[in-house]
Amino acid sequence: MGNVLGTIYCFFNSFFGVNLEAHLWGFDGVNYSNSIAFNAIGIMAILTSLFMVITYYYIINHPRFYRWWSWLIVLIINGTVNLFIGYSWTINDLNNGVIADSLMFLRDVNGDIVSELIYSSDCWGFGISNFILATIFFVIFSFILKWWSSNCKYSPF
Amino acid sequence: MSKLYIFGIGGTGARVLKSLTMLLASGVKCGADTIVPIIIDPDSSSADLTRTVESIKKYNEIRSGLEFSNANTCNFFKTEVQQTLQNFILPLNNTRDAKFKDYMNVSTMGSSNKAMMNMLFSQKNLESNMKVGFKGNPNVGSVVLNQFDESREFADFANDFKQDDKIFIISSIFGGTGASGFPLLAKTLRSNNSIPNHGLINNAQIGAITVLPYFGVKQDNESDIDSGTFISKTKAALSYYLDNISNNNTVDHLYYIADDIRNTYDNHEGGAEQKNNAHIIELISALSIIDFSFSDYKGNTVHKEYGLDSSNSHQIIYGDLGQETRDYIQIPLTQFILFCNYFKDVSSKLYCTQKWAKDSKCDSTFFNSQYMKTLRAFQNDFCEWLSEMDNNVRKLSLYELSNTKKAFNIIKGIDPKSLFKLESNYALFDTFLNKYTGTPTNKQLYFVDLFYKATKEIVEKKFNF
């Protein structure tokens with residue numbers, strides 16, 4: 001997977017900022033030696049989306065739950081689940097002090113904090129990025145897998 | 001390609017043919033590839049007759065769009081119903097708007113012949129207008145109907161007759177047309193050697209059903225029809241049949257059917273007002289044709305009667321019918337009522353967007369086509385036919401016909417099985433339909449075949465038939 005997923009997430013880094021991005025790339029304050037969180041979160045987004053697509057097209061597979069809005073409901077549920085995965089992952093790192101100090105704070109020469117560099121709003125921003133990415137995965141999987149669904153082949157269209 | 005020529009004589013003949021049409025539409029298997037209905041009834045305006053003719057025409061219109069091949073498993077509308085006569089009616093000469101005395105040319109007879117006529121026929125008989133048939137007078141019918149073999153249409157039938165084709169005659173014994181027409185026709189078929197192909201016809205396998213009284217009519221002094229005479233007429237005719245049909249083996253199979261629980265209809269001599277509700281007796285009579293179609297027996301007359309498993313029931317459900325009857329009709333009729341109910345209960349907006357419809361490009365244009373309108377009209381006839389039997393005496397109450405919108409709670413006395421599925425009701429029906437989708441070359445056949453396959457699986461899985 002390498003850096004592919006991280007690179008994709010970085011298309012949306014305006015939502016969550018470069019400092020949180022660096023942390024998620026595995027920056028420990030000195031080097032990029034930690035594991036890349038983008039990969040774990042991205043794989044979770046892929047698997048969740050795949051699971052939701054399979055559930056919609058093959059497990060629920062209901063002849064009364066096949067409209068475009070039925071598909072949209074599942075898409076939104078999938079996106080929301082991934083929004084909270086992205087948010088909770090990053091907010092945990094933020095609250096537990098896992099993020100390198102140099103990424104968290106801007107300090108003066110005395111070491112006093114001048115300003116915070118990562119806020120909880122950045123975590124929500126990452127959650128939204130994850131929502132968007134999971135939605136893209138959901139759409140891709142839908143168009144690959146829908147053709148063999150016995151009841152929902154024409155969902156969303 | 002064997003043919004079964006079915007002569008339906010009188011009002012009962014027409015009504016039995018209607019029941020047969022409904023059975024064949026639902027896929028009840030017939031031993032003949034083609035049936036050829038020939039209706040003999042001077043009362044061409046009778047509502048019973050016109051309703052039957054309309055139903056058969058719709059059947060043919062639907063079937064003509066299906067292009068059956070050996071690869072098709074579909075049994076809906078499978079048996080061909082061939083039309084050889086206009087409105088399936090064998091024309092009778094000089095009966096339209098004619099009084100019996102004019103038909104007989106009584107006015108030109110000498111005094112001795114007139115005296116003979118007055119001895120054989122009452123004044124009421126002689127003054128009787130034959131526009132609406134023989135009004136329960138077999139003595140009149142036996143004279144007027146003694147002309148079968150004279151018409152061009154009868155010659156056409158005889159010319160068309162092939163080796164292994166069969167003949168079946170439907171008649172009632174307690175009226176005028178059927179009671180008199182049956183022995184005359186049977187005699188003509190068996191012994192007339194001046195008709196074309198007489199060698200084949202005289203030796204053909206012939207079956208017949210004689211329907212004994214199964215309804216009465218209200219007393220009306222203005223009417224020539226009096227149901228108080230039904231039993232005495234029946235006895236007289238049975239005695240005649242014994243000597244002239246059974247004892248000389250004129251027919252190979254003779255089916256008798258009767259019922260001692262009877263409805264009383266309004267007293268109409270004929271015409272557009274003669275519109276009797278469909279009756280279980282007519283359905284069972286139609287089954288005698290199916291039974292005959294599978295038989296290859298030829299020889300001394302075999303007599304058959306019909307019995308119910310529980311004879312005292314005024315309301316017949318499947319459990320009251322014998323196993324053989326259930327084997328014939330239970331699966332096909334259930335499949336067809338499921339087919340009919342789907343379009344009554346599911347909105348077009350919903351079914352047009354189902355996978356089975358989209359895969360085959362069955363869109364609103366298809367569902368609004370003349371073909372589909374005819375199919376829907378036939379389905380309405382089918383439901384009306386079941387409903388009429390349900391409202392008659394005795395009641396044949398096989399299905400829940402009120403609009404419950406419940407797809408599977410339709411068979412009286414039989415609860416559907418629960419399946420381990422998320423879907424229920426018509427959503428489950430659509431799931432079965434969606435399993436059999438494909439890209440059709442013939443949309444009409446695809447559509448009817450799809451419903452046949454899906455309903456077949458439904459009756460297997462939900463009802464264990």
Side-chain angles (χ1 to χ4, degrees), chain A residues 43-85 130-132 134-157, chain B residues 338-339 341-343 345-367 405-408 416 418-440 443 446-447 449-451 453-458 461-462:
Chain A
I43 287 169
M44 281 172 71
I46 290 170
L47 292 177
T48 314
S49 302
L50 183 61
F51 172 76
M52 294 298 272
V53 166
I54 289 172
T55 302
Y56 177 66
Y57 283 106
Y58 296 97
I59 296 170
I60 298 175
N61 188 27
H62 199 285
R64 296 292 176 270
F65 194 64
Y66 68 103
R67 309 273 193 185
W68 64 266
W69 48 261
S70 319
W71 178 83
L72 192 64
I73 287 170
V74 182
L75 179 144
I76 290 169
I77 292 169
N78 178 60
T80 307
V81 166
N82 280 284
L83 183 149
F84 282 104
I85 289 173
N130 208 29
F131 179 103
I132 295 167
T135 299
I136 293 167
F137 291 138
F138 185 88
V139 171
I140 292 168
F141 286 132
S142 289
F143 283 87
I144 293 171
L145 296 174
K146 71 172 196 159
W147 306 104
W148 298 278
S149 170
S150 59
N151 288 322
C152 304
K153 179 180 170 182
Y154 294 96
S155 182
F157 41 76
Chain B
L338 283 165
F339 185 21
N341 283 351
Y342 184 92
F343 289 96
D345 293 346
V346 181
S347 74
S348 60
K349 204 174 160 187
L350 184 58
Y351 61 68
C352 279
T353 55
Q354 286 298 312
K355 176 174 168 275
W356 63 264
K358 286 196 159 188
D359 268 356
S360 56
K361 298 187 172 52
C362 290
D363 51 13
S364 57
T365 311
F366 172 74
F367 288 113
K405 303 246 178 201
K406 287 183 178 172
F408 307 118
S418 294
L419 300 183
F420 189 67
K421 282 183 176 288
L422 277 177
E423 307 91 330
S424 61
N425 212 20
Y426 282 105
L428 182 59
F429 200 133
D430 275 318
T431 298
F432 283 113
L433 287 167
N434 286 336
K435 275 175 73 174
Y436 294 103
T437 57
T439 312
K443 256 187 207 178
Y446 162 84
F447 173 78
D449 190 39
L450 173 70
F451 271 85
K453 286 174 181 160
T455 54
K456 192 165 191 292
E457 192 175 351
I458 289 169
K461 293 197 169 157
K462 292 293 282 184

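For the numbers below, each heavy atom of this structure counts, side chains included, while hydrogens, waters and symmetry mates do not. Throughout, a chain's letter reflects where its sequence line sits, starting with A, and its residues are numbered from 1.
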Query raised in the report: For B:Leu350, is it the side chain, the backbone, both, or neither that has a heavy atom closer than 4.5 Å to a heavy atom of chain A?
Result: both

Query raised in the report: Side chain, backbone, both or neither: which part of A:Ser149 has a heavy atom under 4.5 Å from chain B?
Result: backbone

Report summary line: To the nearest 0.5 Å, atom OG of A:Ser150 lies from atom NZ of B:Lys435 at 8.5 Å

Query raised in the report: Is there a donor-acceptor contact under 3.5 Å from the side chain of A:Arg64 to the main chain of B:Tyr426?
Result: yes

**Report entry** Inter-residue atom distance A:Asn151.CG - B:Thr431.OG1, 0.5 Å rounding
**Finding:** 4.0 Å

**Report entry** B:Phe429 versus chain A, the contacting section by heavy-atom distance below 4.5 Å
**Finding:** neither

Report task. For the pair B:Thr437 and A:Lys153, evaluate side chain to side chain contact (heavy atoms under 4.5 Å, CB included) and give the outcome as yes or no after the intermediate values. Result -> CA-CA 12 Å; B:Thr437 57; A:Lys153 179 180 170 182; over 6 Å; no

Requested in this report: Mind checking side-chain hydrogen bond (donor to acceptor under 3.5 Å, both in side chains) for B:Lys358 and listing every partner two or more places apart, or none if nothing turns up?
Outcome: none

Requested in this report: With a 4.5 Å heavy-atom cut-off (strictly below), which parts of residues 135-147 of chain A touch chain B? List them by number.
Outcome: none

Report task. State whether the number of non-hydrogen atoms from other residues, nucleotides or ligands found under 6.0 Å of B:Lys355 atom NZ is greater than 12. Result -> yes

Requested in this report: Output yes when a side-chain donor or acceptor of B:Gln354 lies under 3.5 Å from a complementary backbone atom of A:Pro63, and no otherwise.
Outcome: yes

Report task. Can you sort out the partners of A:Tyr154 under side-chain hydrogen bond (donor to acceptor under 3.5 Å, both in side chains), two or more places apart, ordered by chain and number? Result -> B:Asp359

**Report entry** Contacts of residues 66-83 of chain A with chain B (heavy atom under 4.5 Å)
**Finding:** A:Tyr66, A:Arg67

